[in-house]
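A note on names: the letters A, B, ... follow the listed sequences, proteins ahead of strands, and every chain is numbered from 1.
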2 protein chains.
Amino acid sequence: MPQTSAPRKTLGRPPRISREEVVTTARRIVDAEGVHRLTMRRLATEIGSTPMALYHHVRNKEELLVLLLDDYATRTLQRPELPAQPRERVIATAATIHEALAACPWIVEVLTADDLMATSALWFVEQIVDGLIECGLPSERAVHGYRAIWYYTAGEIVVRATAARRRTDDTRPTYREQVFTDLDPTELPRLAQVADHWSSLTTEDTYLDGLRALVDGLLGPR
Amino acid sequence: MPQTSAPRKTLGRPPRISREEVVTTARRIVDAEGVHRLTMRRLATEIGSTPMALYHHVRNKEELLVLLLDDYATRTLQRPELPAQPRERVIATAATIHEALAACPWIVEVLTADDLMATSALWFVEQIVDGLIECGLPSERAVHGYRAIWYYTAGEIVVRATAARRRTDDTRPTYREQVFTDLDPTELPRLAQVADHWSSLTTEDTYLDGLRALVDGLLGPR
DNA sequence: ACCTGAACACCGTTCAAGT
DNA sequence: ACCTGAACACCGTTCAAGT
């Protein structure tokens with residue numbers, strides 16, 4: 001919660017820059033050039049100020065990143081029309097979160113946070129937990145189910161994002177390709193068998209398939 | 001594969017440090033003080049040399065980290081006794097990988113790699129793919145299944161590791177706790193209902209439950 | 001209250017030269 | 001072939017002082 005709109009209690013030098021301006025400018029840098037280009041110094045010059053001025057509006061860089069995540073979630077997480085059937089509601093909600101995150105790869109570095117806990121994301125968590133409960137899970141199992149879905153979703157994003165990063169800034173064959181070409185088929189027969197299609201198989205987007213499997217497993221008879 | 005044991009082809013100044021020594025020393029630093037303390041300069045002084053000497057044995061820091069991961073996998077990924085039943089074999093293999101990674105939180109920053117593709121980890125991938133095939137999946141579905149399991153596993157590790165990091169270097173209440181105390185029960189009834197137990201529920205280790213659900217869902221009738 | 005300048009204590013990596 | 005010294009082009013953050 002930014003305090004920018006709070007009335008000024010005491011007199012003093014009028015602020016030249018605001019927390020909001022800091023976040024907005026940071027967002028512009030990140031969108032244009034990636035998180036790794038966001039530095040306090042760069043941000044300061046972009047904003048026409050000095051590094052230290054930023055520390056009056058933001059505790060440190062870590063906090064700035066969290067604010068950035070929040071800002072992103074607030075702007076882009078649109079609540080979708082949800083199906084009536086609770087199982088499908090769980091799927092659709094998770095898929096929406098996944099889509100928002102996938103569109104924003106830089107987020108990974110921040111988001112590997114405890115939980116997807118931007119206030120604006122809570123509604124999504126609610127939908128998933130509620131859907132699982134309506135499908136018959138006791139509330140503790142529903143929370144655990146939500147966690148499992150979150151692990152799976154975050155994992156997919158992180159793994160894919162890093163794979164993409166490796167691909168762009170590295171021209172030589174990946175370590176994986178190297179490994180797969182000289183596979184011993186007597187020791188690792190299955191891998192040798194699929195070696196040729198491995199990279200095409202792993203490039204396919206199977207997030208939804210895995211999600212459906214996970215939800216089926218969470219709800220299925222045990 | 002280190003080239004340290006290759007016979008020297010041409011004459012020249014005899015090497016004072018080896019790639020192996022670089023990796024071993026790096027490992028010691030990381031084990032003792034965490035990845036964030038591993039810098040090329042630090043490593044150089046620790047090894048009794050200069051930063052630039054390292055670049056004769058390692059392409060750059062990125063490569064050093066990959067070597068470190070490989071080294072870790074080779075030393076600690078012990079092949080377990082596996083159950084005969086294929087479904088249980090998949091579970092047991094994934095659990096072993098998970099355990100090795102969980103014991104080594106620094107690995108997250110590296111491991112968010114394309115795949116868990118250290119050569120020594122391939123045997124584990126083989127077991128999972130093979131188990132899924134023996135349970136009746138066609139080989140492409142088995143590879144996708146492996147990917148889903150990997151996403152789930154990597155996600156669990158990443159999320160938990162970051163949560164732990166936040167907890168240690170931050171004394172004030174987490175953002176999450178803050179959010180959960182002022183939940184609106186009319187807007188988010190389910191979350192309000194479980195708010196009190198949320199943190200205990202999310203601290204529980206439910207990796208295995210989620211894994212079982214996922215594997216059930218991957219194999220179950222659809 | 002808010003901002004500035006200078007400084008502290010670092011980074012990864014390159015270049016040119018030495019042995 | 002291997003190593004060194006000095007330098008480049010940066011970091012995040014603190015401190016003391018200014019308005």
Side-chain angles (χ1 to χ4, degrees), chain A residues 2-23 25-26 29-30 33-68 106 109-110 165-166 169-171, chain B residues 2-23 25-26 29-30 33-68 106 109-110 165-166 169-171:
Chain A
Q3 300 112 326
T4 29
S5 53
R8 300 178 47 70
K9 299 235 177 75
T10 50
L11 283 152
R13 188 170 174 166
R16 278 226 255 276
I17 59 178
S18 67
R19 187 184 178 120
E20 215 199 313
E21 193 183 354
V22 171
V23 174
T25 311
I29 296 173
V30 166
E33 310 181 35
V35 227
H36 68 283
R37 298 279 231 146
L38 177 66
T39 69
M40 299 303 265
R41 286 155 192 274
R42 169 76 193 281
L43 180 53
T45 48
E46 198 92 344
I47 223 170
S49 184
T50 64
M52 263 318 291
L54 303 177
Y55 286 87
H56 262 270
H57 302 273
V58 142
R59 186 191 297 259
N60 51 28
K61 196 181 179 181
E62 169 91 8
E63 188 183 80
L64 175 61
L65 289 172
V66 173
L67 289 172
L68 222 46
W106 62 266
E109 272 144 87
V110 193
R165 176 151 49 85
R166 294 264 155 110
D169 57 33
D170 210 337
T171 48
Chain B
Q3 299 113 327
T4 29
S5 52
R8 298 180 47 69
K9 300 233 176 76
T10 51
L11 284 152
R13 186 170 176 166
R16 277 227 257 275
I17 60 178
S18 67
R19 186 183 178 119
E20 214 198 313
E21 194 184 353
V22 171
V23 174
T25 312
I29 295 173
V30 166
E33 309 181 35
V35 227
H36 68 283
R37 297 280 231 148
L38 177 67
T39 70
M40 298 303 266
R41 287 155 191 273
R42 169 76 193 280
L43 180 53
T45 49
E46 198 91 343
I47 223 169
S49 185
T50 63
M52 264 318 291
L54 303 177
Y55 287 86
H56 263 270
H57 302 273
V58 143
R59 185 192 297 259
N60 50 29
K61 196 180 178 182
E62 169 93 9
E63 189 182 80
L64 174 60
L65 289 172
V66 174
L67 288 173
L68 221 46
W106 62 264
E109 272 144 88
V110 193
R165 176 150 52 82
R166 295 264 157 111
D169 58 33
D170 210 338
T171 47

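Between Thr50(A) and dC3(C), a side-chain N or O to OP1/OP2 separation shorter than 4.0 Å is absent. Close to dC3(D), at under 4.0 Å from its OP1 or OP2, lies a side-chain N or O of His57(B). The shortest distance between the side-chain N/O atoms of Ser49(A) and the OP1/OP2 oxygens of dT4(C) is below 4.0 Å.
Residues Ile29(A) and Thr39(A) fail the side-chain proximity criterion, which asks for heavy atoms closer than 4.5 Å. The shortest distance between side-chain heavy atoms of Val23(B) and His57(B) does not fall below 4.5 Å. Proximity of Lys61(B) to Leu54(B): side-chain heavy atoms (C-beta onward) are nowhere separated by under 4.5 Å. In this structure the side chain of Arg42(A) reaches within 4.5 angstrom of the side chain of Glu33(A), judged on heavy atoms. The side-chain heavy atoms of Leu38(B) and Leu65(B), taken from C-beta on, include a pair separated by under 4.5 Å. Counting heavy atoms from C-beta on, the side chains of Tyr55(A) and Met40(A) come closer than 4.5 Å. Using a 4.5 Å cut-off on side-chain heavy atoms (C-beta onward), Glu63(B) and Asn60(B) make contact.
Distance from the side chain of Tyr55(A) is smallest to dG12(D) among dG12(D), dC3(D), dC3(C). The side chain of Met52(A) lies closest to dG5(C), out of dG5(C), dT13(D), dG12(C). Comparing dG12(C), dC2(C), dC3(D) by their nearest atom to the side chain of His56(A) picks out dC2(C). Out of dC3(C), dG5(D), dG12(C), the shortest distance to the side chain of Ala53(A) is found at dC3(C).
Between dC2(D) and dA17(C), the two C1' atoms lie 13 Å apart (nearest whole Å). Taking atom C1' on both nucleotides, dC11(C) is separated from dC8(D) by 12 Å, rounded to a whole Å.
Heavy atoms only, all atoms of each residue included: Ala44(A) and Thr50(A) are closest at CB-C, 3.3 Å.
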Task: Nucleotide-level pairing of DNA chain C, given in dot-bracket where Watson-Crick and G-U pairs need both distances under 3.5 Å and | marks other strands - done: ||.|||||...|||||.||
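For the pair Arg37(B) and Gly48(A), nearest-nucleotide mapping onto DNA chain C gives the more 5' position to Gly48(A).
The nearest whole Å value for the distance from the NZ atom in Lys61(B) to the P atom in dT14(C) is 15 Å. Here dT13(D) presents its P atom at 12 Å from CG of Leu43(A), a figure rounded to the nearest Å. Taking atom CZ of Arg59(B) as the reference point, atom P of dG12(C) lies 18 Å away to the nearest angstrom. Counting to the nearest Å, the C1' atom of dC11(D) and the CG atom of Asn60(A) are 15 Å from each other. To the nearest angstrom, C1' of dT14(D) lies 14 Å from CG of Leu54(A). Counting to the nearest Å, the P atom of dC11(D) and the CZ atom of Arg41(B) are 15 Å from each other. Separating the CZ atom of Arg16(B) from the C1' atom of dG18(C) is a distance of 12 Å, rounded to the nearest angstrom. The interatomic distance linking Met40(B) (CE) with dG12(C) (C1') rounds to 8 Å, in whole Å.
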